[in-house]
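First up is the structure itself, then whatever we jot down about it.
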Amino acid sequence: MHSFGYRLNGLLTFSVTILAIMCAIASLSDNLNTPSPSAEIQVMNINWFQKQPQGNDEVSLTMNISADLQTLFTWNTKQLFIFVAAEYETPKNSLNQVSLWDAIIPAKEHAKFWIHTSNKYRFVDQGNNLRGKEFNLTLHWHVMPKTGKMFADKIVLTGYSFPEEYR
Amino acid sequence: MGLIGDTVDSIKSIQTRQLLNQAVSLGMVVTSALIIWKALMCITGSESPVVVVLSGSMEPGFKRGDILFLHMSNDPIRAGEIVVFNVDGREIPIVHRVIKVHERQDSGEVDVLTKGDNNYGDDRLLYAQGQQWLHRHHIMGRAVGFLPYVGWVTIIMTEKPIIKYILIGALGLLVITSKD
């Protein structure tokens with residue numbers, strides 16, 4: 001009952017159990033945080049707006065993105081993955097979400113930022129429905145913890161629209 | 001020397017009834033593990049409720065050796081979610097983030113494009129020949145939670161099977177030679 005094997009087994013089981021409980025508590029402590037993030041996106045310029053040979057609309061735009069996401073960080077946060085998606089509706093599709101830009105924020109100090117950028121990923125529609133269409137720009141964030149449950153939320157900014165004609 | 005002597009003595013003193021008892025206990029442990037695994041599959045709605053991260057394509061968020069807890073529900077798939085999907089013809093599932101979603105008005109069917117956080121381009125190169133989008137039936141689950149480093153045990157056992165055999169051999173020896 002007191003051989004080396006039994007003692008090792010007992011020790012391992014106990015330490016794994018304690019580690020698991022600590023991870024669970026760390027994850028639960030994230031619920032105590034009440035975040036108050038803010039963000040603003042301006043479309044500075046529509047660089048070009050064309051119809052591809054295959055028939056799909058494509059647009060390139062330049063945005064000013066500024067946000068303060070510092071309150072989302074807790075001691076259990078490893079990084080914040082944020083991205084800006086354009087969301088709009090077309091006759092064929094009830095929802096289209098196209099990610100335009102994303103970034104990883106590794107620490108609280110970097111969570112208050114301002115960036116001037118064109119879209120990192122190509123903005124291509126399924127079809128040619130974009131002329132004159134209104135769209136929302138949504139800033140999504142995904143909190144990736146050091147251990148435990150991941151959670152996500154977003155801020156929806158409305159009032160953007162495409163030009164009436166290709167250019 | 002004493003440890004080996006004790007082991008040899010205890011192997012010599014095995015009786016049939018005791019051996020059968022231990023075989024049944026071992027069987028119970030294995031079946032309990034299987035029951036827990038299948039129950040997890042039911043609760044999370046996913047074919048594999050826990051996966052190990054095998055590549056570095058989602059760094060620095062998920063490193064090789066982390067494990068992810070998956071959950072599948074009928075909620076619509078939205079951009080930003082981390083999904084686990086199977087490509088036809090590939091056996092290893094891939095864990096990447098959804099960057100584009102196009103959902104049909106009438107049927108609710110959805111076209112999805114994914115990309116690893118640490119990759120430069122999207123996953124179209126990984127999809128099957130001629131496939132531009134993923135559909136709902138390719139997706140096995142969404143990642144909802146994560147534990148670091150725990151998956152290294154699985155990676156080591158898969159990549160160096162000799163360690164698996166040593167471990168199972170040692171466990172078997174421990175079970176046989178224990179007095180209870």
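Below, chains carry the letters A, B, ... as their sequence lines are ordered, and counting in each starts from 1. If you're wondering where the values come from, they're calculated on a predicted model, not measured in any experiment.
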Requested in this report: Decide yes or no for B/M58 and A/F81: does some side-chain heavy atom of the first lie under 4.5 Å from some side-chain heavy atom of the second?
Outcome: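 No, side chains not in contact.
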Query raised in the report: Just wondering, do B/F62 and A/M144 contact through their side chains at under 4.5 Å, heavy atoms?
Result: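 Yes, close enough: below the 4.5 Å cut-off.
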Query - chain A contact via B/R97 - which portion, at a heavy-atom distance below 4.5 Å - result: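 For B/R97, the contact with chain A is made by the side chain alone.
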Are there over 12 heavy-atom neighbours, none belonging to [X], within less than 6.0 Å of that residue's [atom1]?
{"X": "B/L20", "atom1": "CG", "answer": "yes"}
{"X": "A/R122", "atom1": "CZ", "answer": "no"}
{"X": "B/K63", "atom1": "NZ", "answer": "yes"}
{"X": "B/D106", "atom1": "CG", "answer": "yes"}
{"X": "A/F113", "atom1": "CZ", "answer": "yes"}
{"X": "A/K120", "atom1": "NZ", "answer": "yes"}
{"X": "A/E134", "atom1": "CD", "answer": "no"}

Report task. Among Ile, Leu, Val, Met, Phe, Trp and Tyr joined by side-chain contacts under 4.5 Å, find the other residues sharing a cluster with A/F14 and list them by chain and number. Result ->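 Its cluster partners, ordered by chain and number, are A/I18, A/M22.
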Are [X] and [Y] connected in the hydrophobic side-chain network, where two residues link if heavy atoms are under 4.5 Å apart?
{"X": "B/V95", "Y": "B/V50", "answer": "no"}
{"X": "A/Y160", "Y": "A/I155", "answer": "yes"}
{"X": "B/L40", "Y": "B/V150", "answer": "no"}
{"X": "B/W133", "Y": "B/I77", "answer": "yes"}
{"X": "A/L139", "Y": "B/I99", "answer": "no"}

Query raised in the report: Does any N or O in the side chain of A/Q97 come within less than 3.5 Å of the main-chain N or O of B/A79, such that one atom is a donor and the other an acceptor?
Result: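 Here the side-chain-to-backbone pair exists.
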**Report entry** B/Q105 side-chain N/O to A/T90 backbone N/O, donor-acceptor pair under 3.5 Å
**Finding:**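 Indeed, once roles are kept as given, a pair shorter than 3.5 Å links the two residues.
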Query raised in the report: Using a cut-off of under 4.5 Å for heavy-atom pairs, which of B/V98, B/L147, B/V144 has the most such pairs with chain A?
Result: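 The residue among B/V98, B/L147, B/V144 with the greatest pair count is B/V144.
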Query raised in the report: What option among B/K100, B/E109, B/E81 has the most heavy-atom pairs under 4.5 Å with chain A?
Result: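 Most heavy-atom pairs under 4.5 Å with chain A: B/K100.
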Measure the [atom1]-[atom2] distance between [X] and [Y] for me, rounded to the nearest 0.5 Å.
{"X": "B/E59", "Y": "A/I104", "atom1": "CD", "atom2": "CD1", "result": "10.0 Å"}
{"X": "A/N93", "Y": "B/E103", "atom1": "CG", "atom2": "CD", "result": "8.5 Å"}
{"X": "B/Y149", "Y": "A/L19", "atom1": "OH", "atom2": "CG", "result": "12.5 Å"}

Requested in this report: Could you look at A/P106 and say if it's the side chain, the backbone, both or neither that has a heavy atom under 4.5 Å from chain B?
Outcome: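 No part of A/P106 comes within 4.5 Å of chain B.
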Among [options], which residue has the highest count of heavy-atom pairs closer than 4.5 Å to chain B?
{"options": "A/H140, A/K149, A/Q126", "result": "A/Q126"}
{"options": "A/V98, A/L100, A/D102", "result": "A/V98"}
{"options": "A/K92, A/K146, A/E87, A/E89", "result": "A/K92"}

Requested in this report: State, to 0.1 Å, how close B/P60 and A/Q79 come at their nearest heavy-atom pair, and which atoms those are.
Outcome: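 For B/P60 versus A/Q79, the nearest heavy atoms are CG-OE1, 3.2 Å.
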Query raised in the report: How would you list, in number order, the residues of residues 110-128 of chain B that have a heavy atom less than 4.5 Å from chain A?
Result: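 Expected list: B/D111, B/K115, B/D117.
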